[in-house]
Amino acid sequence: MNYPEFKQPLNYGQVGTDILAWWKQNGIFEKSVSTREGQPTFVFYEGPPSANGAPGIHHVMARTVKDIFCRYQTLLGKQVHRKGGWDTHGLPIELQVEKELGITKEDIGKKISIADYNQRCRETVMRFKAQWDDLTEKMGYWVDLDDPYITFEPEYIESCWALLKKLYDKGLLYKGYTIQPYSPAAGTGLSSHELNQPGTYRDVKDTTVVAQFRVKRDEKSEMLFDNVSLDEVPLAQLYGDDNAEPEVFILAWTTTPWTLPANTALAVGPKIPYALVRTFNPYTYAPIRVVLAEALVSRYFSEKGKDASFEDFKPGDKVLPWHLEGSFKGSDLVGINYERLFDFVPFEGQERAFRVIPGDFVTTEDGTGIVHISPTFGADDFRVAQQNDIPALMVLDDEGKLGPIVDRTGRYVKQMGEFGGRWVKNYDGHDESGADYKTLDESIVIKMKGDGTAFKVEKYEHTYPHCWRTDKPVLYYPLDSWFIKTTAVKDRLIELNKTINWKPESTGTGRFGNWLENLVDWNLSRSRYWGTPLPIWRTQDGTEEICIGSIEQMKQEIDKAVAAKVMTHNPYANGEKVDLHRPYVDDIFLVSPGGEPMYRETDLIDVWFDSGAMPYAQWHYPIENGEKFKQNFPADFIAEGVDQTRGWFFTLHALAVMLEDSVAFKNVMANGLVLDKNGNKMSKRLGNAVDPFATISQFGPDATRWYMIANAQPWDNLKFDLAGITEVQRRFFGTLFNTYSFYALYANLDGFQAREFDRTPHAELGELDRWILSKLQSLILEVRGHYDAYDPTKAARAIQDFVTDQLSNWHVRLSRRRFWKGELTQDKRAAYETLQECLVTVSQLMSPIAPFFAEWLYKNMTDGMRAEAITNNTPFAPESVHLTLLVQADEARIDKALEERMELAQRISSLTHSLRKKSVLKVRQPLQRILVPVLNDTTRAQVGLVEDLICAEVNVKHVEFLDDTSGVLVKSVKPNFKRLGQQYGPKLKVVGARIQQMTADEISTLEKTGQLTVNIDGETYTLAPDDVEIRTDDLPGWLVATDGPLTVALDVTLTDELRQEGVARELVNRLQNLRKDSGLEVQDKIRVTLGQQPELQAAVLSFGDYIRTEVQALALDFAADVNGGSVLEFDDYSVPVQLSVAKG
RNA sequence: GGGCUUGUAGCUCAGGUGGUUAGAGCGCUACACUGAUAAUGUAGAGGUCCCUGGUUCGAGUCCAGGCAGGCCCA
């Protein structure tokens, strides 16, 4: 047996495990890399997963995408190394350990030593490694698991240090501050995780104020002044001076009045409309004009006061008269200068501050639509201030350091005049019960009321975060942080990003591009324990510091420190193993050039630095392996979830640009999410998570992968439905399996073994074979194109369509008779060769997506020719499809005309089936002819070439063409709107209507003379043949079916001969069923005896040979009494039958 | 709130540069076909192409504004 045969249905899960075992035994993955030694490389970076949780089905998705392109490039002959990696640091691991130990961050270093704690983290982080490795294998993801990079290893951390030092030496690493949640009572910063603890957000009642910021009149703000409505004479009188104009104020609301002295800017929404309103201050009754969002005017001004008399207004009146004087877009207001509200402390940045700036976070939900910005007390404020070059208001403390106007205990600094030393909130628990007690906020607004800078003061209840330990309100406060100055290379980041091929493109230009446009410096600091420590040591006063770039350098510095008696001894003096984690690095003290001791800055760095450093650190570069690094940088391809856009994708890009002035990757695919079948996020809690292991073992890895890729583009979210896998399995894999089984069954019967080169010359092949081979070449071109463009979905769909619709359902179906009959003729040989070529090529094309099944198919198809191939070193010499070189399309074999006429054959067949159905004539009943109207010779010739195929498919004797000369064609005409529209524009309607009314004579004139002049409403139009589409969709007296320009009529006349042939076919069908039911093998010969029945006997008389050949009967007789056999059921009668196997 | 993205049949998805009658598969119904077939064929039912405006002779497609879902960021 040349080709293995399998029982239906195939167990696809078993195929997966069998092939996997075979791969392992034969080291196929290793060979897929080693056999490409010396070839051009395709560099792939594995984004390291974290093994502290079990893998989910979405990991199958992400890794399938990675695998596809690595395998594809291997098929193209490139060498693709795939070093695996593990991401091992970070907050999720720490939180998991805290949870398991039942401790909080506060307990670390107290209840548990940092050393023990980090040891726990180290053990926890690889907990699910075995499961991950298992999934990797079972899903067929080829990645090198034997030598992965692990981010907690000393070499890896050392590389990170070396890179940090490079950045430091370039001046890109600096200490600054960010605004973070801070608990003054506890004296500590709070992580967002701590802030998300239940109960931290509580309702509080605060004193709020709408503050008035006085606009400076200058060129920029002139528009707010020059459109005073001068016709309102009484106003001028009211101010007592014809030239006097009320001052203009910008209104801004705050729930934290104590931040107002730190105000340095006001933010408006660029697209928001704003209003200029004339009115009075409700506390001082001074005439004023104010700016606020148009949408919020009604919140501050009553309907009653609208355009009310300004003359009649008296101090003390409840209703403020107001008048709308102008409106502006936020963008018009940007750049306006205003006066500082409080000036307790000197401020050097004066001239750059106190400006109106745009802010993307501004809304008209509450307040005034204008946001007060104090860069030292709000994260948004800080960011937007930085982007607009607005300085923060800082004061010098006793030690000469700059700081905010609030100290770390939560009090105003003493320079704050009458408010100096006061608590911003009640952080010390002082007594608030006195009748005269005023909070700082209250004191401030009272002062503002007097100054005429408060427009509205009210108590307001809102939710505000509180420290989970002290129950005191959180302060957003500037805290020290180390930064990488990514803004310094912003332009280069943007420029190089434009050279990256993003899939989908919008993620690169939109999500990532916009992020780069609004870049702020990368905050590296994390106050945690399990991670890469910041390698910076500083003196107490911060004037001297050193950045360590290697273990060697650290040891040398330690020696210096020992010499200077800063350290007692060098713990690594005798070659002890170095652990660069805390607490060990914290116990190292260095000495400054000035002789001062230096202490390590206690921060860890952002784990994203770890993963972004992977192109370098995976090789322990730049400490060593410079050559290896060069060969593997940058990556040709990476792929991760779209959620990595500002994570891994960014850190890779940022580090590559800063360190190498290069991109880190040339092609990147950002894949979407895997949702449940209802479009909801999968989660263990909801119980809708799909278990990848169960899925793979039930459906096999190939159907799972194929479904995920074929169903939706990888960058779209996938609604994961197991029913979809079943469908893929049945429709695609089932069909492909059946096609193979069919081939194997008959090839084995004939003892046929395909050979690589001894084949029927292409020119000698029949239409059907040349057609499918032409389609196959087209498919190769198409699929290669899709893979090259990183579009695996289109590749999968094209392969699927070819296999099910073209190969199985047309080529094989129409070729069946060629396989059934007799000897191994030249035509039969050609049929085998053609099918063999299609199947092997499909196995190659599909192998990146369905690696196991493709392997199964390839091996079944080619194992029999392997020995010869190896001897001659020909394309099928490799034992695995994944070691082959992807076949090139032979474009000489693409015959578009042939593909077109086969499509005509398919459509005509379909129409004929439809007509049979309408006439209730089963396909088994032969009919004389079908009629096909043709209006040009090309179509006629095309259809003529496939006439035999059509006849066989729809069981008619011939195709008859009807042309103009037949005189029976009825033509109709349809306007060609595209052409007519371009030509006639608005007149298309009347022209189109006129065309649809064309008479047969007019059509004929147009056809013969090439033009037709028509008159519509007195205007003359000359029509050309291209302006219309002429078709014949009616044949009087015939039942017709049409499909676009194609029309088919069926001659339903039945002659006696046709009837008899129909009966003969029925008989064949019954006998074949009987053979099958009796369990006979395909090649068994039989003898048949039938009961006497006139119609059958007549049919056998005429078609005996045909029947005997079909059912492989040596004898076919009638007898009066047939007993003990079966009964054949026909439409109107039953006939007993006796069937026996003919020996010999 | 911002950026990006998705919205077409019960479900999953196609629908270059606008062209009048919007398709496929699955599912459903009916009939047929079947010596490779858990396949296949034919027919039927099933659509406010998310909504509202606009541009145009003509909009699923282009523009503007919304609505709803998703991701990331605040």
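Please read these numbers as outputs of a predicted model, since none were measured by experiment. Each chain gets a letter, A, B and so on, in the order the sequences are listed, and its residues count up from 1.
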Trainee: Of the nucleotides B/rU40, B/rU37, B/rG70, which one has an atom closest to the side chain of A/L673?
Mentor: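 Closest nucleotide to the A/L673 side chain: B/rG70.
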Trainee: Any strand counts, and the cut-off is 3.5 Å on both contacts for Watson-Crick or G-U wobble. Which nucleotide pairs with B/rU17?
Mentor: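 Its partner: none found.
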Trainee: Could you identify the nucleotide paired to B/rC71, looking across every strand shown and requiring Watson-Crick or G-U wobble geometry with both distances under 3.5 Å?
Mentor: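 Paired with B/rC71, as far as the under-3.5 Å criterion goes, is B/rG3.
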Trainee: Under 4.0 Å between a side-chain nitrogen and a carboxylate oxygen: does that hold for A/R383 and A/D521?
Mentor: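 A/D521 and A/R383: not salt-bridged.
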Trainee: With a 4.0 Å cut-off on heavy atoms, is A/R731 in touch with a base, just the backbone sugar-phosphate, or nothing at all?
Mentor: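 Contact class for A/R731: sugar-phosphate only.
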Trainee: I'd like the P distance from B/rC62 over to B/rG7, given in whole Å.
Mentor: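 The same atom, P, in both gives a distance of 11 Å.
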Trainee: If we call it a pair only when both distances are under 3.5 Å in a Watson-Crick or G-U wobble match, what pairs with B/rU56?
Mentor: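 When the pairing criteria are applied, nothing turns out to pair with B/rU56, so the answer is none.
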Trainee: Select base, sugar-phosphate, or nothing to describe what A/D721 touches, counting heavy atoms under 4.0 Å on all strands.
Mentor: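 Nothing, no nucleic acid heavy atom in range.
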Trainee: If pairing requires Watson-Crick or G-U wobble contacts with both distances under 3.5 Å, which nucleotide is the partner of B/rC26?
Mentor: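 The base-pairing partner of B/rC26, which may sit in any strand shown, is B/rG10.
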Trainee: Give a yes or no on whether a salt bridge exists between A/R813 and A/E953, defined as a side-chain N under 4.0 angstrom from a carboxylate O.
Mentor: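 Salt bridge present between A/R813 and A/E953.
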Trainee: For nucleotides B/rU21 and B/rC49, find the distance between their P atoms and express it as a whole number of Å.
Mentor: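 Looking at atom P only, B/rU21 and B/rC49 are 13 Å apart.
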Trainee: Spell out yes or no: do the side chain of A/S808 and the base of B/rA39 have one donor N/O and one acceptor N/O closer than 3.5 Å?
Mentor: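 No, no donor-acceptor pair under 3.5 Å.
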Trainee: Nearest 0.5 Å, please: how far is CG in A/L857 from CZ in A/F737?
Mentor: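 Here the rounded value is 11.0 Å.
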Trainee: Considering every strand and a 4.0 Å limit on heavy-atom distances, what is the contact class for A/T509: base, sugar-phosphate, or nothing?
Mentor: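 Result for A/T509 = nothing.
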Trainee: Counting the atoms with a prime plus P, OP1 and OP2 as sugar-phosphate, which does A/N738 contact under 4.0 Å by heavy atoms, base, sugar-phosphate, or nothing?
Mentor: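 Base, at least one base heavy atom under 4.0 Å.
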Trainee: NZ of A/K794: more than 12 outside heavy atoms within 6.0 angstrom?
Mentor: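 Not more than 12 within 6.0 Å, no.
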Trainee: Are any of A/S910's side-chain N or O atoms less than 4.0 Å away from OP1 or OP2 of B/rU42?
Mentor: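 Yes, A/S910 has a side-chain N/O under 4.0 Å of OP1/OP2 on B/rU42.
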Trainee: Quick one: which of B/rC31, B/rA74, B/rC71 gets closest to the side chain of A/D380?
Mentor: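 Nearest listed nucleotide: B/rA74.
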Trainee: For A/S914 and A/E1066, find the nucleotide of RNA chain B closest to each by heavy atoms; which residue's nucleotide sits nearer the 5' end?
Mentor: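 The 5'-side residue here is A/E1066.
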Trainee: Looking at A/K719 and A/D676, does any basic side-chain N land under 4.0 Å from a carboxylate oxygen?
Mentor: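 No, A/K719 and A/D676 are not salt-bridged.
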Trainee: Of the non-hydrogen atoms in A/N955 and A/V923, which two are nearest, and what is the gap between them?
Mentor: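 Shortest heavy-atom separation between A/N955 and A/V923 comes out as ND2-O, 2.6 Å.
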Trainee: Round to a whole Å and report the spacing from CZ of A/R979 to C1' of B/rU17.
Mentor: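 Taking CZ of A/R979 and C1' of B/rU17, I get 18 Å after rounding.
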Trainee: With respect to the side chain of A/R813, which nucleotide from B/rU40, B/rG3, B/rC13 is positioned closest?
Mentor: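 Nearest listed nucleotide: B/rU40.
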Trainee: Choose from B/rA32, B/rG70, B/rA14 the nucleotide whose nearest atom is closest to any side-chain atom of A/Q713.
Mentor: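 Ranking B/rA32, B/rG70, B/rA14 by closest atom to the A/Q713 side chain puts B/rA14 first.
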Trainee: For B/rG70 and B/rA24, measure between their C1' atoms and round to the nearest Å.
Mentor: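 Roughly 26 Å separates the two C1' atoms.
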Trainee: Check every atom of B/rU37, B/rC33, B/rU40 against the side chain of A/N809 and return the nucleotide holding the closest atom.
Mentor: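 Given the options B/rU37, B/rC33, B/rU40, the side chain of A/N809 is closest to B/rU40.
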Trainee: Base, sugar-phosphate, or nothing: which does A/S506 touch, judged by heavy atoms less than 4.0 Å apart?
Mentor: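 Sugar-phosphate, backbone atoms only, no base.
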Trainee: Pick the closest RNA chain B nucleotide for A/E727 and for A/V642 by heavy atoms, then say which residue is nearer the 5' end.
Mentor: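 Per heavy-atom nearest nucleotide, the more 5' residue is A/E727.
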Trainee: Could you work out which one of B/rU17, B/rG41, B/rU12 sits closest to the side chain of A/K719?
Mentor: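 When the side chain of A/K719 is considered, B/rU12 is the closest of B/rU17, B/rG41, B/rU12.
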Trainee: Please confirm whether the shortest side-chain N or O distance from A/R730 to OP1 or OP2 of B/rA38 is below 4.0 Å.
Mentor: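 Checking B/rA38 against A/R730, no side-chain N or O comes under 4.0 Å of OP1 or OP2.
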Trainee: What distance, rounded to whole Å, do you find between the two P atoms, one in B/rG65 and one in B/rU5?
Mentor: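 About 15 Å, rounded to a whole number of Å.
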Trainee: With both distances under 3.5 Å as the test, what is the Watson-Crick or G-U wobble partner of B/rC33?
Mentor: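 Result: none.
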Trainee: Looking for any heavy atom pair under 4.0 Å, which part of the strands does A/A712 touch: base, sugar-phosphate only, or nothing?
Mentor: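 A/A712: backbone/sugar contact only, no base atoms under 4.0 Å.
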Trainee: Closer than 3.5 angstrom, by distance alone: can the side chain of A/E1061 be matched with the main-chain N or O of A/Q925 as a donor-acceptor pair?
Mentor: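 Pair absent, no side-chain N/O of A/E1061 close to backbone of A/Q925.
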Trainee: Taking atom P in both B/rC57 and B/rG16, compute the distance separating them and give it to the nearest angstrom.
Mentor: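 It comes out at 23 Å once rounded to the nearest Å.
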Trainee: In this structure, how many angstroms lie between the P atom of B/rU40 and the CD atom of A/E953, rounded?
Mentor: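 That distance rounds to 14 Å.
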Trainee: Paired with B/rA45: which nucleotide, if any, by Watson-Crick or G-U wobble criteria at under 3.5 Å for both distances?
Mentor: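 When the pairing criteria are applied, nothing turns out to pair with B/rA45, so the answer is none.
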Trainee: Do A/F742 and A/L745 come within less than 4.5 Å of each other through their side chains, counting heavy atoms only?
Mentor: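 No; the side chains remain at least 4.5 Å from each other.
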Trainee: Choosing from B/rG70, B/rU12, B/rA36, which nucleotide comes nearest the side chain of A/Y746?
Mentor: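 Of the options given, the side chain of A/Y746 lies nearest B/rA36.
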Trainee: Would you classify A/G981 as touching base, sugar-phosphate or nothing, given that sugar-phosphate means primed atoms plus P, OP1 and OP2, and contacts are heavy atoms under 4.0 Å?
Mentor: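 Base, at least one base heavy atom under 4.0 Å.
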Trainee: Tell me yes or no: between the side chains of A/Q1112 and A/D1084, is some donor less than 3.5 Å from an acceptor?
Mentor: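 Short answer, no.
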Trainee: Measuring only the C1' atom in each nucleotide, how far is B/rG2 from B/rC11? A whole number of Å is fine.
Mentor: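 Result for the C1' pair: 34 Å, nearest Å.
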Trainee: For A/W648 and B/rC71, what is the distance between atoms CH2 and P respectively, to the nearest whole Å?
Mentor: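 After rounding, the reported distance stands at 22 Å.
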Trainee: If you check the A/R797 side chain, which of B/rA14, B/rA36, B/rC71 turns out closest?
Mentor: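 Taking heavy atoms from C-beta onward, the closest nucleotide is B/rA14.
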Trainee: Among B/rA36, B/rC71, B/rA32, which is the nearest nucleotide to the side chain of A/K922?
Mentor: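 Nearest to the side chain of A/K922 among the choices is B/rA32.
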Trainee: Within the 4.0 Å heavy-atom criterion, would you say A/V1111 contacts the bases, only the backbone, or no part of the nucleic acid?
Mentor: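 No contact.
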Trainee: Write down the distance separating the C1' atoms in B/rC33 and B/rA39, rounded off to the nearest Å.
Mentor: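 Taking atom C1' in both B/rC33 and B/rA39, they lie 11 Å apart.
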Trainee: On a whole-Å scale, what distance lies between the C1' atoms belonging to B/rA45 and B/rC26?
Mentor: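 Between the two C1' atoms, the distance is 16 Å.
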Trainee: Please classify the nucleic acid contact of A/K978 as base, sugar-phosphate, or nothing, using heavy-atom distances under 4.0 Å.
Mentor: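 Touches a base.
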Trainee: Go through B/rA39, B/rU42, B/rC72 for me and flag the one nearest to the A/R511 side chain.
Mentor: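 Nearest to the side-chain atoms of A/R511, counting from C-beta on, is B/rC72.
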